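Note that the coordinates shown come from a computational prediction; the quantities given were computed from them, not determined experimentally.
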Amino acid sequence: MQQAAPRERASWPHQVGVIPPRAQSFQHRTEVEQLRAAVADGGTAVLCQVLTGIGGVGKTQLAADYARAAWESGGVDVLMWITASTSSAAVSGYAQAGIEVLGADPQDPEQAAKTFLAWLEPKPDTKPCRWLVVLDDLAEPADVRGLWPPASPCGRTLITTRRRDAALTGPDRRLVIVGLFTPDESAAYLTATLAAHHRHEPADQLTALATDLGHLPLALAQAAAYLIDSGLDCTAYRQLLADRARTLADVLPEPDALPDDHATTVAAAWSLSIERADRLRPAGLARPMLQLVAMLDSNGIPAPVLTAPAALAYLTEHRTLGEDTRGSVRRRQVSAQDAADALRCLHRLSLIDHTPATAHQAVRLHNLVQRAVRDSLPADQHDRLARTAAAALTAAWPKIERDIALAGALRANAEALISQARNALWHTDAHDVLFRTGRSLGESGQATAAVAHFRGLADAARDLLGPDHLYTLAARGHLARWRGESGDAAGAADAFTDLLADQERVLGPDDPYTLAARSNLARWRGESGDAAGAADAFTDLLADQERVLGPDHLHTLAARSNLARWRGESGDAAGAADAFTDLLADQVRVLGPDHPGTLATRSFLAMWRWESGDAAGAADALADLLADQVRVLGPDHIDTLAIRGLLAMWRGESGDAVGAADAFTDLLADQERVLGPDHLHTLDTWRDLAQWRWESGDAAGAADALAELLTDQVRVLGEDHPDTLGTRNILALWRRESGGNNVE
């Protein structure tokens with residue numbers, strides 16, 4: 001048998017494989033400097049670097065820039081660029097290097113690859129070879145099992161991948177997370193790319209377009225190409241991009257017109273990653289989980305939303321299983337742990353960022369990934385998924401918002417869902433998440449925002465469901481309430497007057513919702529200055545509630561509480577105290593001593609005992625109540641904090657102004673922590689603190705506190721809110737009395 005003649009070995013320097021061409025308007029990024037750092041933080045040489053990140057962030061371009069710079073500077077003797085999207089492709093790349101550099105037998109590629117990898121090991125008494133191996137687009141860690149270049153002081157390895165598995169890290173490997181363009185990089189890229197085609201767009205429009213595209217390099221490149229090819233200006237293109245009737249594929253180039261040798265469109269960039277994530281354990285859950293998170297806020301989704309019953313039911317129903325995994329697995333209910341594992345699968349493929357320790361923003365993802373996923377959904381599945389996300393949000397939303405960060409995250413997710421799936425949330429009726437979002441805005445101190453939300457909700461309900469639909473009437477009720485809370489008590493009373501007439505016509509005079517509207521109307525009549533009228537209205541309402549609902553119904557008991565209050569407000573403090581005494585006995589009997597309504601009545605009773613002249617008895621009763629509220633509701637409950645405020649006030653009114661100021665200082669710190677700095681109760685405490693600083697002789701400290709409060713009230717409540725106007729007047733008075741300048 002005749003042996004083949006040995007192949008001639010290539011001389012150094014030598015390159016194997018083709019480095020991808022440099023992208024037009026390539027941006028020098030911070031990751032470039034990370035790659036070029038010779039040593040890690042501890043002083044150990046970096047032998048292997050793994051570039052990881054979502055598809056489209058430019059990992060291959062960064063690797064190509066690094067490799068090209070090393071080659072052109074003479075820093076390497078042998079450079080290998082290997083496409084490692086499959087195991088066979090990696091073997092083929094190493095084999096080609098073995099053939100060219102070592103003259104290995106081309107008929108046996110696996111042996112040629114092994115020979116080359118062995119040659120990379122440093123040998124004594126041989127000329128060292130400075131080498132660089134780039135494994136581009138590694139799809140599966142298993143594809144390079146047994147194919148990792150050796151750790152050598154003469155060699156460097158660079159890998160690009162979407163994976164973030166533990167198998168890709170180790171003592172000699174540094175993980176480099178490739179992020180999005182910075183705003184400056186995005187603007188510079190778009191400006192340079194368009195200028196190369198004699199196109200010039202306003203800087204503010206380019207900045208806005210970059211934001212719309214989430215600063216994803218691949219999207220910016222393809223959007224710029226679309227602008228150039230279509231002739232559209234930036235403003236018109238952004239309008240196309242914002243049109244939810246169009247898919248992402250509609251507003252980016254066709255596959256045969258992609259710039260910079262792109263292999264795929266933005267719309268298709270993540271499809272293969274989704275398929276691979278779906279094959280990881282727990283099989284079949286990554287795709288439906290990604291569909292669910294695609295409906296929510298890209299900037300952060302609280303973990304409890306994605307493990308709510310509605311979310312788990314959706315995952316169970318839409319689990320995508322192969323033929324070999326059907327049967328009992330599909331029938332098994334998906335657990336919260338399964339859902340968390342599905343998130344980890346998506347994280348490993350860089351489709352999301354999953355940081356469980358950041359509970360309120362545990363999941364983040366790119367807005368274009370979300371849009372691409374939503375584009376792939378049939379209309380009926382999209383709408384059903386939107387309602388599933390809404391149900392999950394509602395289930396995760398606490399009835400009492402003690403955690404302001406969680407409440408803010410839930411609102412952001414609800415607003416994201418509403419903005420892109422509004423019609424789905426009006427399927428036969430209005431989903432509760434629409435109402436919960438508005439209530440949360442108001443309860444967080446954003447009464448003006450709540451008014452705007454419920455005005456939009458009432459208009460939509462009227463248009464979609466009709467003026468007499470129960471949800472339309474409910475939205476009008478919420479709108480009226482928050483008009484009052486925002487400072488327009490008279491407007492709230494007028495709105496409830498109109499609403500009551502419609503509810504009596506549509507629902508009848510004895511419907512619970514009609515009775516509730518009468519209660520609200522009476523309340524806002526009192527808040528607008530007609531305390532006697534409010535008391536008369538509650539007297540009439542109470543008679544009807546006892547007839548319709550019974551004497552022990554919660555709403556009947558609430559009407560008795562309101563009647564007692566407005567009796568007191570109209571000048572009969574002793575009568576109010578007597579009425580609250582009688583009410584308390586009935587509430588203890590019906591509700592129990594620890595019911596929140598019972599505890600609230602104890603606070604009202606103490607307040608009217610104080611107003612009727614029994615200061616000592618009132619203070620003792622309130623101190624006892626505070627202990628019970630801490631036990632039943634907890635120290636951070638909004639009602640517990642309110643009782644502390646009342647005790648502090650009475651302390652000052654009893655002659656201890658310094659003690660009152662100290663108590664309000666402590667209370668303010670807790671309210672800012674629990675309720676947030678913009679909550680109405682927090683703002684009220686700022687005012688009370690300033691008042692008692694003034695009373696204690698600290699005129700300068702009082703004026704400073706009130707000036708700070710005024711700034712916040714203008715921002716939160718508006719210039720014309722009664723509380724804002726009151727603060728402005730008091731501050732002006734104090735400054736005149738203390739000889740200072742008047743407030744602006």
_Y314: partners by ring pair (Phe, Tyr, Trp, His ring centres under 6.0 Å), with sequence neighbours left out_ =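 If we apply the ring pair (Phe, Tyr, Trp, His ring centres under 6.0 Å) test to Y314, skipping adjacent residues, the hits are H318.
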*asked:* According to ring pair (Phe, Tyr, Trp, His ring centres under 6.0 Å), who are the partners of Y226, at least two apart in sequence or on a separate chain?
replied: Y237
*Go through the steps to decide whether D136 and T60 satisfy the test side chain to side chain donor-acceptor pair (under 3.5 Å), and finish with yes or no.*
CA-CA 7 Å; D136 184 40; T60 295; 2.8 Å; yes
In terms of side-chain geometry, is the basic nitrogen of [X] or [Y] positioned less than 4.0 Å from the acidic oxygen of its partner?
X	Y	answer
D338	R332	yes
D341	R344	no
D65	R22	yes

_Can you tell me how the ring of H347 sits relative to the ring of H354, calling it parallel under 30°, perpendicular over 60° and tilted otherwise?_
perpendicular
*asked:* Filter on side chain to side chain donor-acceptor pair (under 3.5 Å), then keep only pairs touching residues 252-266, sequence neighbours left out; what's left?
replied: Q222-H262
Give, for atom [atom1] of [X] and atom [atom2] of [Y], the distance between the pair rounded to the nearest 0.5 Å.
X	Y	atom1	atom2	answer
L158	L135	CG	CG	8.5 Å
R276	R162	CZ	CZ	8.0 Å
H215	E185	NE2	CD	10.5 Å
L132	Y66	CG	OH	6.0 Å
L343	I352	CG	CD1	4.5 Å
F116	W131	CZ	CH2	8.0 Å

*Determine whether the side chains of T193 and Q24 contain a donor N or O and an acceptor N or O closer than 3.5 Å.*
no
*Say whether S85 and D137, considering side chains only, have a donor N or O and an acceptor N or O under 3.5 Å apart.*
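On atom types as modelled, these side chains do not qualify, holding no pair under 3.5 Å.
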*asked:* So which atom in W71 and which in V76 form the shortest heavy-atom distance, rounded to 0.1 Å?
replied: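 Heavy atoms of W71 and V76 come nearest at CE3-CG2, 3.8 Å.
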*Six-ring centre of W148, R173 cation under 6.0 angstrom, axis tolerance 45°*: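 R173 over W148 ring: yes.
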_D353 side chain reached by V363 side chain, heavy atoms, under 4.5 Å_ =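 No, too far: nothing below the 4.5 Å cut-off.
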*For residues V57 and S350, determine if any side-chain heavy atom of one lies less than 4.5 Å from a side-chain heavy atom of the other.*
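No, every pair of side-chain atoms sits at 4.5 Å or beyond.
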Mark yes or no for whether [X], through its side chain, and [Y], through its backbone, hold a donor-acceptor pair below 3.5 Å.
X	Y	result
T161	L138	yes
R9	A104	no
T52	R163	yes
N413	A409	yes
Q291	R374	no

*Atom CD of Q111 with >12 non-hydrogen neighbours under 6.0 angstrom*: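 Atom CD in Q111 is packed in, count exceeds 12.
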*Is it true that atom NE2 of H28 has more than 12 heavy atoms of other residues, nucleotides or ligands lying nearer than 6.0 Å?*
yes
_Using the salt bridge (Lys or Arg N to Asp or Glu O under 4.0 Å) criterion, which residues pair with R199? Sequence neighbours excluded._
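Checked R199 against salt bridge (Lys or Arg N to Asp or Glu O under 4.0 Å); matches are E201.
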*Identify, with sequence neighbours excluded, every residue that meets salt bridge (Lys or Arg N to Asp or Glu O under 4.0 Å) alongside D212.*
R238
N/O donor-acceptor pairs under 3.5 Å from side chains in residues 11-18, not counting sequence neighbours:
unit_1	atom_1	unit_2	atom_2	d
H14	NE2	E100	OE1	2.6
Q15	NE2	G17	O	2.9

